[in-house]
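All residue numbers refer to positions in the sequence shown, counting from 1. Every value quoted in this text rests on a predicted model; they were computed, and no experiment measured them.
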Amino acid sequence: MHSRSGGRRNGQEPGRAGLGRGLVRTVAALLTSGLVAAGTLAGASTAAADETGEHQGGAVAVLDGLKTYDMARLDNGEGKKPQDIPAGLFEMTVDGGGKLKTYCIDIHNPTQDRARYLETPWDQSSLGDNKNAGKIRWILQNSYPQVDDLAGLAEKAGTGPLTVKSAAAGTQVAIWRFSDDADVTAKDEHAEKLADWLEEKAQNVAEPKASVSLSPAAVSGKAGGRLGPVTVHTDAGQVSVAPPADAAASGVQVTDKDGKAVSTATDGSDLYFDIPEDTADGSASLSVQASTSVPVGRVFAGLTKSQTMILAGSSESTVTAAATATWAEKGAVPAVTAQKNCAKGGVDITASNKGDEAFTFELAGTEHTIAAGETRTVTVPVAEDQAYDFTITGPGGFEQNFKGVLDCETAGTPQPSEGTDTQSGSSPSPVPSSTDAGTGTSGTEGGDLAATGGSSATPVIAGVAIALVVLGGGAVFLLRRKKPQTSGE
């Protein structure tokens, strides 16, 4: 039932050596195409990992590690040695409070220790073009830990006795068959029967709603009126609304469409920035927050290159989203947002201009002009797994920065050289936490799990970073407004 083609996915060159060569080629292409500007390697520093970039809202969490798991065997294809890997549940700690349980949907990429993750829409991940994405959510809804009656689950699936380890492993194996088209088998016979049953019974169900998001994330206009609307999207019953930090001094309020100040909102609510007339040119932000269970099936993508996850369970967790407003009396008044576009292989930069003069900026070496009253989206090509760092500036000190990693594809089955043991390097999954005695398994079964938990590409990235520093540049896109504009310019 679980035989897989074992072929490459989305044309990527898999394997550790392939990944290193791919990174070198990517940087070389950036250098020769003129897309490298002075700076540092985006994502190479801890500071970069602390940024939330173009996050559309929801939970932000830190990976705690693989907690409940058993072993599985990955078939690497004809003539290649199979690979023993841990399969099971990860845990994350949510910023502001809360815990998440996740499974992997990115079998050939390792995790980064203590990586930060953002709640992410399916279309900004590898699930965007996966026709079986909905089946993965069905598996999550109908197996462990959402179904914690293991005796009942075993009876329904006809597996024989299940433990938390075998239930987690069987669920992960079934997910990998759909997320990565992987030929993978649970080593425990009961876990394998569970994986087969889940694979056979899975049905496509819809993507879950975001825990919370705001759209658009930026608005602009003139003082003396309400700027917006900014629409609330949430799975929570209610969110709290926080006004700008200096609201008392500036007089800027967050209101509904009738101008009434609001402190709470629900799904579908429209929020506005009410800017008093004669307010000096400037900007402000609002935020919404809720304590809720994040919907099962939400994707979590790493801020740095780290194994993509899908949510299997959530405690009451803090979720947030923010939006900004910019206003000016005259001249260009821009609002800029960004989001990953996996279908086009890049990042969409959407710029609008509610002023009375054109807004001009450079993006990846090309000049763009947004006329007064116009909105335009430009897609910046970014290589798969490439870190990016975009900054757009404008009048009155306007500045927006977006950074992250484009991670839209699974890597496909590794293609090691003939006779190479794929376990001699890093495994697809990280080192299980040693603090969870009784949940993890102690045997590695031929796999060097001590080598996992960090990307095999790390030495290559470091080498590339050093090379770029020597060259006086870095793999960073710098988007700058062409020149300062003043009224009448």
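- For NZ of K135, the number of neighbouring non-hydrogen atoms (other residues, nucleotides, ligands) closer than 6.0 Å is greater than 12.
- Salt-bridge annotation for D385 and K305: present, with a side-chain N of the basic residue lying under 4.0 Å from a carboxylate O of the acidic one.
- One finds the CG atom of L89 at 8.0 Å from the CD atom of E91 (value rounded to the nearest 0.5 Å).
- Between the side chains of Q56 and Q124, at least one donor-acceptor pair of N or O atoms lies under 3.5 Å.
- With 3.5 Å as the limit, one finds no donor-acceptor pair spanning the side chains of N132 and N204.
- For the pairing with V288, the side-chain contact (heavy atoms from CB on, under 4.5 Å) check across V230, T320, L271, T234 returns one residue only, L271.
- Side-chain atoms of I310 and R298, non-hydrogen and from C-beta on, never get closer than 4.5 Å to each other.
- The nearest pair of heavy atoms linking A358 to T369 is CB-CG2, 3.7 Å.
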Task: Evaluation steps, side-chain contact (heavy atoms from CB on, under 4.5 Å), between F90 and K67 - done: CA-CA 5 Å; F90 294 82; K67 299 291 185 174; over 6 Å; no
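- A donor-acceptor contact shorter than 3.5 Å is absent between the side chain of R177 and the backbone of E199.
- Between Y103 and G88 the shortest heavy-atom distance is CD2-O, 3.4 Å.
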Where do D235 and S211 land on the side chain to side chain donor-acceptor pair (under 3.5 Å) test, with the steps shown first? CA-CA 5 Å; D235 189 65; S211 60; over 6 Å; no
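- Considering only heavy atoms from C-beta on, S314 stays 4.5 Å or farther from K101 through its side chain.
- Two residues are said to be in side-chain contact when any heavy atoms from C-beta on lie closer than 4.5 Å; I349 and T377 fail this criterion.
- Listed for the Q146 side chain is a donor-acceptor partner under 3.5 Å among the backbone atoms of A312.
- Side chain to side chain, S143 and T171 meet the donor-acceptor criterion of an N or O pair below 3.5 Å.
- Note: N130 CG to D123 CG = 13.0 Å, rounded to the nearest 0.5 Å.
- Listed here is the closest heavy atom pair of T308 and F300: CG2-O, 3.7 Å.
- Checking D64 against T93 by side-chain atom types alone, a donor-acceptor pair falls below 3.5 Å.
- Counting heavy atoms from C-beta outward, K99 and S317 have side chains that stay 4.5 Å or more apart.
- Inter-residue side-chain proximity for Y117 and V60 is flagged as unmet; no heavy-atom pair is nearer than 4.5 Å.
- Under 3.5 Å, the side chains of S283 and T324 contain no donor-acceptor pair of N or O atoms.
- Between E367 and T360, the side chains place no donor N or O within less than 3.5 Å of an acceptor N or O (distance only, hydrogens not considered).
- In this structure a side-chain-to-backbone donor-acceptor pair under 3.5 Å is missing from T375 to S352.
- Judged by distance alone, with hydrogens and angles left aside, the side-chain atoms of T292 form no donor-acceptor pair with the main-chain N or O of A290 at under 3.5 Å.
- Salt bridge annotation for K340-D348: absent, with no cationic side-chain nitrogen under 4.0 angstrom from a carboxylate oxygen.
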task = Any chance you could lay out the side-chain contact (heavy atoms from CB on, under 4.5 Å) test for F178 and I139, step after step, and finish with the verdict?
result = CA-CA 10 Å; F178 288 123; I139 290 171; 3.7 Å; yes
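- Applying the side-chain contact (heavy atoms from CB on, under 4.5 Å) test between W176 and each of I107, I105, T410, D106 identifies I107 as the sole match.
- Contact detail for P208 and W122: the closest heavy-atom pair is CD-CZ2, 3.7 Å.
- A72 approaches V184 most closely through the heavy-atom pair CB-CG2, 4.0 Å.
- Residues H233 and D267 have side chains in contact (heavy-atom distance under 4.5 Å, counting atoms from C-beta outward).
- For E119 (side chain) and G58 (main-chain N/O), no donor-acceptor pair under 3.5 Å exists by modelled atom type.
- Nearest heavy-atom pair across A351 and V336 is CB-CG2, 4.2 Å.
- For the pair T379 (side chain) and G346 (backbone), a donor-acceptor distance under 3.5 Å is absent.
- Ion pairing between R376 and E374 holds under the 4.0 Å rule for side-chain N and carboxylate O.
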